[in-house]
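To start, the structure itself, in structure tokens.
Note that ligands are numbered from 1 as they come in the structure, with each ligand's atoms numbered from 1 the same way. Note that these values count all heavy atoms, side chains included, but never hydrogens, waters or copies made by symmetry. Residues take their numbers from the sequence shown, with the count starting at 1.
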Amino acid sequence: MIELLRRRRTIRTYANTPIPEETIVTLKEAALRSPTSRNRMAWKFWFVQDSELLHQLSHSKNSGSAPVGKAPLAIVIGADESQTDVWIEDCSIAAILLQLTAQSCNLGSCWIQIRNRQCAEGDSESYVKKVLGITAPTLRIEALISLGYPAEERPPVSFEDLPTRALFDK
Ligand SMILES: Cc1cc2nc3c(=O)[nH]c(=O)nc-3n(C[C@H](O)[C@H](O)[C@H](O)COP(=O)(O)O)c2cc1C
């Protein structure tokens, strides 16, 4: 795990290479294995490969959502807020586990924040729900993850460059 973390970087540009179905099944398993408070499992995951939907999702934010437009896959992560008061935590855990699983399958990925963000049509959550045809009022959208085989190389951050000021020994 620490080797995976040492090499982890956000990847925003992707090769035009399809992701094998077997890998997509692995990602789906990773999503469903992510832990949730009180084991409520109130999250939901939309695996989007349709190019028109990916194009529409690339306009989910005023800036920062463009990587989806160049990705063969996006995973939209949301949850029913009426089923748990910690849906943000549950979705965030699933998101990072998906990103690390993707990396272990040689995929690059980018977290794209949706909750609390805006786009040309208004708030990003409403826009993403409209694109996906989600009508349930209690369904919230936390983020989407764009994924694909990397078309850019980003060097690992060296240990010396880590923000050790954030650590405290007591
Ligand atoms: C909660 C969260 C929201 C993020 N939102 C976006 C986003 O909307 N668009 C984007 O391009 N990157 C986004 N990122 C990626 C960060 O910009 C990136 O993780 C950070 O710059 C550090 O770079 P690294 O992941 O390569 O270490 C987000 C990351 C996190 C954890």
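Of the heavy atoms in Arg154, only side-chain atoms (C-beta onward) come closer than 4.0 Å to ligand 1. No part of Ala143 comes within 4.0 Å of ligand 1, judged by heavy-atom distances.
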(message) Apply side-chain contact (heavy atoms from CB on, under 4.5 Å) to residues Ser146 and Ile112 and explain how you reach the verdict.
(response) CA-CA 7 Å; Ser146 56; Ile112 293 167; 3.9 Å; yes

(request) Would you sort out whether Leu98 and Ile77 count as a side-chain contact (heavy atoms from CB on, under 4.5 Å), showing the intermediate values? (result) CA-CA 10 Å; Leu98 275 164; Ile77 304 173; 3.9 Å; yes

(request) Go through the steps for Val48 and Leu132 under the test side-chain contact (heavy atoms from CB on, under 4.5 Å), then give the verdict. (result) CA-CA 9 Å; Val48 182; Leu132 296 179; 4.0 Å; yes

(request) For Leu107 and Tyr149, run side-chain contact (heavy atoms from CB on, under 4.5 Å): C-alpha distance rounded to whole Å, both residues' side-chain angles, the deciding distance at 0.1 Å, then the answer. (result) CA-CA 5 Å; Leu107 291 167; Tyr149 290 102; 3.7 Å; yes

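At the top of the distance list for atom 10 (C) of ligand 1, counting protein heavy atoms only, stands Cys110 SG, 3.5 Å. Scanning the protein for heavy atoms near atom 13 (C) of ligand 1, the closest one is Trp111 O, 2.9 Å. Closest to atom 22 (C) of ligand 1 among all protein heavy atoms lies Thr10 OG1, 4.8 Å. With hydrogens left out, the protein atom closest to atom 27 (O) of ligand 1 is Arg8 NH2, 2.9 Å, a heavy atom. Considering only non-hydrogen protein atoms, atom 8 (O) of ligand 1 sits nearest to Lys61 NZ, 2.7 Å. The protein non-hydrogen atom at the shortest distance from atom 9 (N) of ligand 1 is Gly64 O, 2.9 Å. What sits closest to atom 12 (N) of ligand 1 on the protein, heavy atoms only, is Arg12 NH2, 3.2 Å.
Of the options Gln56, His55, Glu52, a side chain to side chain contact (heavy atoms under 4.5 Å, CB included) to Val131 is made by Gln56 and by none of the others.
For atom 20 (C) of ligand 1, the nearest protein heavy atom is 4.0 Å or more away. For atom 3 (C) of ligand 1, a protein heavy-atom neighbour is found at a distance under 4.0 Å.
Within 6.0 Å of atom CZ in Arg154, more than 12 heavy atoms from other residues, nucleotides or ligands are found, so the atom counts as buried in its surroundings. Surrounding CG of Asp50 are more than 12 heavy atoms belonging to other residues, nucleotides or ligands, all under 6.0 Å away.
In the vicinity of Arg9, heavy-atom distances shorter than 4.0 Å reach the ligand 1 atoms 24 (P), 26 (O), 27 (O).
Polar contact check, Pro67 against ligand 1: no nitrogen or oxygen pair lies under 3.5 Å apart.
Ring geometry for Phe45 against Trp43 counts as tilted: the plane angle lies between 30° and 60°, on a 0 to 90° scale.
Rounding to the nearest 0.5 Å gives a distance of 10.0 Å between CD of Glu121 and OG of Ser60.
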